[in-house]
Amino acid sequence: NLTPNNGSASNRASFAQIADKLFISTGNNTEKLVQISMATGSPAFSLSTETRYAHRLMVAQNFRLFSVANATTSVATNSSIYTSDFLPGTPTVFSGAVSFDVGQDYDDITALAAGTDFLLYVFKERSCYAIGTAPTSTTSTPTASSDFTIRQLSRDIGCVSARTVVQIGNDTFFLSRDGVRTLQRTLADGMTAIQPPISEPINDVIERINWDYAHTATAVYRDRKYILALPLDGAAAPSHVVVFDTAAGGWSMWTGVLPI
């Protein structure tokens with residue numbers, strides 16, 4: 001622990017790595033970003049001196065951090081994204097950085113995902129966007145957020161839990177309000193959902209999700225399987241595990257396994 005960072009019993013930590021530096025945030029309203037550097041071969045901890053707090057969502061993309069954070073200890077900016085300068089740099093990663101809003105609905109951002117070709121994918125609960133962050137010059141100066149391109153991908157499909165967003169090959173899986181979807185199928189549909197979610201074969205399980213606690217759902221990719229822990233039947237935390245085999249294209253439920 002780094003003073004004044006003493007961890008949080010309820011907020012989930014966010015992690016992002018750039019080169020030999022790992023950035024960690026507990027999401028607590030009074031805690032700042034922690035940087036762990038392995039430049040000397042052993043971990044060196046430092047506390048950021050920037051003025052942003054509670055980086056509840058964070059992703060690294062092309063040597064920059066993108067974060068949904070609080071501008072102060074008391075004012076939340078849940079529809080805004082902060083961007084850093086090029087990293088790795090000093091602990092003051094967001095010094096002089098600007099933020100940009102995504103969408104005009106002021107709906108909270110629920111997830112961030114780094115894509116290829118300088119694309120940043122932004123999910124809200126019922127919509128998703130692609131942010132173009134490509135440099136406009138060959139200099140080391142980062143592209144200003146005012147030069148970013150913001151394109152809405154869907155006004156029907158969003159993500160309910162950041163920890164269900166998993167990149168698998170050239171696609172990205174995530175849990176939406178109507179089940180598990182993929183980014184490529186969402187792009188193919190356009191603004192309005194046409195294709196059913198890939199979890200349609202287990203829709204009876206999806207209907208059992210306690211949507212008040214869907215934000216606790218968590219997923220991981222291992223052995224060509226998208227492994228998803230869900231809060232079912234009124235549970236306030238993940239209670240059951242369903243698995244999508246990306247090779248066979250089928251679903252199963254693991255029994256006797258308790259998510260942790």
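Here, residue 1 is the first one in the sequence, and each next residue gets the next number.
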Who pairs with Ser127 by side-chain hydrogen bond (donor to acceptor under 3.5 Å, both in side chains), at least two apart in sequence or on another chain?
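side-chain hydrogen bond (donor to acceptor under 3.5 Å, both in side chains) list for Ser127, sorted by chain: empty.
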Quick one: list whatever passes side-chain hydrogen bond (donor to acceptor under 3.5 Å, both in side chains) with Ser161, sequence neighbours left out.
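With sequence neighbours excluded, Ser161 shows a side-chain hydrogen bond (donor to acceptor under 3.5 Å, both in side chains) to no residue whatsoever.
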Which heavy atom in [X] sits nearest to a heavy atom in [Y], and how many Å separate them?
X: Cys159; Y: Val165; result: SG-CG2, 3.7 Å
X: Tyr213; Y: Pro231; result: O-CG, 3.3 Å
X: Tyr121; Y: Gly115; result: CE1-CA, 3.8 Å
X: Ala229; Y: Pro238; result: CB-CB, 3.7 Å

Side chain to side chain contact (heavy atoms under 4.5 Å, CB included) evaluation trace for Trp254 with Ile227:
CA-CA 9 Å; Trp254 284 356; Ile227 305 169; 3.7 Å; yes
Arg208: salt bridge (charged side-chain N to carboxylate O under 4.0 Å, His left out) partners, not counting sequence neighbours
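Testing Arg208 for salt bridge (charged side-chain N to carboxylate O under 4.0 Å, His left out), a comparison that skips the adjacent residues, returns Asp233.
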Hey, could you give me the [atom1]/[atom2] distance between [X] and [Y], rounded to the nearest 0.5 Å?
X: Asp245; Y: Lys225; atom1: CG; atom2: NZ; result: 5.0 Å
X: Ser25; Y: Met58; atom1: OG; atom2: CE; result: 5.5 Å
X: Phe148; Y: Ile150; atom1: CZ; atom2: CD1; result: 9.0 Å
X: Leu228; Y: His240; atom1: CG; atom2: NE2; result: 12.5 Å
X: Thr216; Y: Asn210; atom1: OG1; atom2: CG; result: 8.0 Å
X: Thr186; Y: Leu153; atom1: OG1; atom2: CG; result: 8.0 Å

Residue among Leu175, Ile209, Thr110 satisfying side chain to side chain contact (heavy atoms under 4.5 Å, CB included) with Val160
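Result: among Leu175, Ile209, Thr110, Leu175 is the only option passing the side chain to side chain contact (heavy atoms under 4.5 Å, CB included) with Val160.
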Do [X] and [Y] share a hydrophobic cluster (ILVMFWY, side-chain heavy atoms under 4.5 Å, transitive)?
X: Leu183; Y: Leu112; value: no
X: Met38; Y: Phe45; value: no
X: Leu65; Y: Phe118; value: no
X: Met253; Y: Tyr221; value: yes
X: Leu120; Y: Tyr129; value: yes

Verify side chain to side chain contact (heavy atoms under 4.5 Å, CB included) between Val34 and Phe23, making sure each step is shown before the conclusion.
CA-CA 6 Å; Val34 173; Phe23 300 89; over 6 Å; no
Quick one: do Ile131 and Leu119 satisfy side chain to side chain contact (heavy atoms under 4.5 Å, CB included)? Show the steps, please.
CA-CA 6 Å; Ile131 315 299; Leu119 283 179; over 6 Å; no
We want to know whether Ser14 and His55 form a side-chain donor-acceptor pair, criterion being a heavy-atom distance below 3.5 angstrom.
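Per modelled atom types, Ser14 and His55 side chains form no pair under 3.5 Å.
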Just checking Tyr226 against Phe173, ring centres under 6.0 Å apart?
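Yes, the ring centres sit under 6.0 Å apart.
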Among Thr133, Thr83, Thr116, whose side-chain hydrogen bond (donor to acceptor under 3.5 Å, both in side chains) with Gln61 holds?
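Exactly one candidate clears the test, Thr133.
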Which word best sums up how the rings of Phe123 and Phe174 line up, parallel for under 30°, tilted for 30 to 60°, or perpendicular for over 60°?
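Tilted, since the angle between the ring planes falls between 30° and 60°.
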Residues 193-206 side chain polar contacts: donor-acceptor under 3.5 Å, at least two apart:
| unit_1 | atom_1 | unit_2 | atom_2 | d |
| --- | --- | --- | --- | --- |
| Gln195 | NE2 | Asp189 | OD1 | 3.2 |
| Ser199 | OG | Val180 | N | 2.8 |
| Asn203 | ND2 | Glu207 | OE2 | 3.1 |

Can you list every side-chain hydrogen bond (donor to acceptor under 3.5 Å, both in side chains) pair that touches residues 164-174, not counting sequence neighbours?
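side-chain hydrogen bond (donor to acceptor under 3.5 Å, both in side chains) check on residues 164-174 returns Asp171-Thr182.
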Per the salt bridge (Lys or Arg N to Asp or Glu O under 4.0 Å) rule, what does the pair list look like for residues 174-186, sequence neighbours excluded?
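Sorted result for residues 174-186: Glu125-Arg177, Asp178-Arg181.
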Step-by-step side chain to side chain contact (heavy atoms under 4.5 Å, CB included) determination, Val59 to Arg64:
CA-CA 8 Å; Val59 68; Arg64 297 177 80 173; over 6 Å; no
Just wondering, do Ile24 and Leu33 contact through their side chains at under 4.5 Å, heavy atoms?
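No, their side chains stay 4.5 Å or more apart.
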Any donor and acceptor pair, going by atom type alone, linking the side chain of Lys21 with main-chain N or O of Ala16 inside 3.5 Å?
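Checking the backbone N and O of Ala16 against the side chain of Lys21, no donor-acceptor pair under 3.5 Å is found.
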